[in-house]
Amino acid sequence: MSFREKIHWVSFAAMALVFGWYFLSYPWGIIDSAAGVMASVGMLVPAVIIIIVAMSLATAFFALRMPGDVDLKEDERDRTIHFRGTHLAYYPLVVGIWANLFAVFYQISPGVQLNLLLATVVFAELVRIGAQIFFYRRGY
């Protein structure tokens with residue numbers, strides 16, 4: 001498994017676990033209030049910190065274990081995998097943007113809009129990273 005693939009695995013697991021926790025433990029009963037927006041902010045701060053720490057530690061760990069792989073230039077295969085993953089993530093991102101636009105026009109509460117926007121970005125990122133892992137495993 002290459003250095004980039006290992007980083008993708010850590011990124012996918014960290015995002016899935018952290019945002020799984022976020023969406024499962026969010027106080028949905030207060031989402032329509034100002035406290036619901038503040039709950040989002042209060043929960044996003046530790047979520048982002050956990051992801052940053054997990055990615056930093058994993059990158060340092062893998063860099064120390066495989067120092068030669070860290071400086072390898074991105075080849076055509078890596079660029080193709082990156083392009084395909086980004087291409088696949090575009091579709092859920094566009095659908096989520098449209099859902100957010102309809103939420104604005106139908107005057108959905110700011111807490112719902114914020115969580116819908118966050119879910120859109122998280123889902124698109126999980127699709128992108130998951131597709132890249134799939135393509136690395138396939139050997140593209």
query = Is it true that atom CZ of R65 has more than 12 heavy atoms of other residues, nucleotides or ligands lying nearer than 6.0 Å?
reply = no

ask   = How far apart are the closest heavy atoms of D32 and S109, and which atoms are they?
value = OD1-OG, 2.9 Å

message = Please verify the inter-ring angle class for H87 with Y91; under 30° counts as parallel, over 60° as perpendicular, anything in between as tilted.
response = perpendicular

request  = Identify the heavy atoms of A131 and G85 that sit nearest to each other, and give their distance.
outcome  = CB-CA, 3.9 Å

ask   = To the nearest 0.5 Å, how far apart are OH in Y26 and CG in L118?
value = 10.0 Å

ask   = How many angstroms lie between atom CE of M55 and atom CE of M15, to the nearest 0.5 angstrom?
value = 10.0 Å

remark   = What one should report as the nearest heavy-atom pair of V127 and P92 is CG2-CG, 4.1 Å

Same apolar cluster (I L V M F W Y, side chains within < 4.5 Å links), L64/W9 = no

ask   = With side chains defined as the heavy atoms from C-beta onward, is the minimum distance between M43 and W21 less than 4.5 Å?
value = yes

ask   = Does atom CE of M38 have more than 12 heavy-atom neighbours from other groups under 6.0 Å away?
value = no

message = I need the S2 OG to I81 CD1 distance, nearest 0.5 Å.
response = 7.5 Å

ask   = Less than 4.5 Å apart, any side-chain heavy atom of E74 and any of R4?
value = yes

message = Please find the pair of heavy atoms, one from I7 and one from T59, that lie closest to each other, and give the distance.
response = CD1-OG1, 3.6 Å

Cluster link V95 to I108, ILVMFWY, side chain under 4.5 Å = no

request  = Before giving the answer on side-chain contact (heavy atoms from CB on, under 4.5 Å), spell out for N115 and Y22 the whole-Å C-alpha distance, their side-chain angles and the decisive distance to 0.1 Å.
outcome  = CA-CA 10 Å; N115 280 293; Y22 174 89; 2.8 Å; yes

ask   = More than 12 non-hydrogen atoms from neighbouring residues, nucleotides or ligands closer than 6.0 Å to CD on Q107, yes or no?
value = no

query = For the atom pair CG (L116) and CD1 (I97), what is the distance rounded to the nearest 0.5 Å?
reply = 9.5 Å

task = Report, as yes or no, whether the 6.0 Å neighbourhood of atom CZ on R138 holds more than 12 heavy atoms from other residues, nucleotides or ligands.
result = no

ask   = What orientation do F23 and F19 show, parallel under 30°, tilted 30 to 60°, or perpendicular over 60°?
value = tilted

Minimum heavy-atom distance between I30 and A39, given as atom pair plus value = CD1-CB, 4.4 Å

query = Do D78 and Y136 pass the side-chain contact (heavy atoms from CB on, under 4.5 Å) test, and can you show the C-alpha distance, the side-chain angles, and the key distance before you say yes or no?
reply = CA-CA 8 Å; D78 291 322; Y136 272 114; 2.7 Å; yes

ask   = Do V18 and I133 share a hydrophobic cluster (ILVMFWY, side-chain heavy atoms under 4.5 Å, transitive)?
value = yes

note = Heavy atoms of S11 and I129 approach each other most closely as OG-CD1, 3.2 Å

ask   = Do the side chains of L126 and V94 join up, straight or via other hydrophobic residues, at under 4.5 Å, putting them in one cluster?
value = yes

inquiry  = Within the 4.5 Å heavy-atom criterion, are V10 and F61 side-chain neighbours or not?
reply    = no

query = Would you say L44 and V122 are hydrophobically clustered, going by side-chain heavy atoms of ILVMFWY under 4.5 Å?
reply = yes

Rounded distance (nearest 0.5 Å) linking atom CD of Q132 with atom CZ of R84 = 12.0 Å

message = Determine whether F135 and L88 satisfy the following criterion, side-chain contact (heavy atoms from CB on, under 4.5 Å), listing intermediate values before the conclusion.
response = CA-CA 12 Å; F135 292 133; L88 288 174; 4.1 Å; yes

query = Looking at CZ of F62 and CD of E5, how far apart are the two atoms once the value is rounded to the nearest 0.5 Å?
reply = 10.5 Å

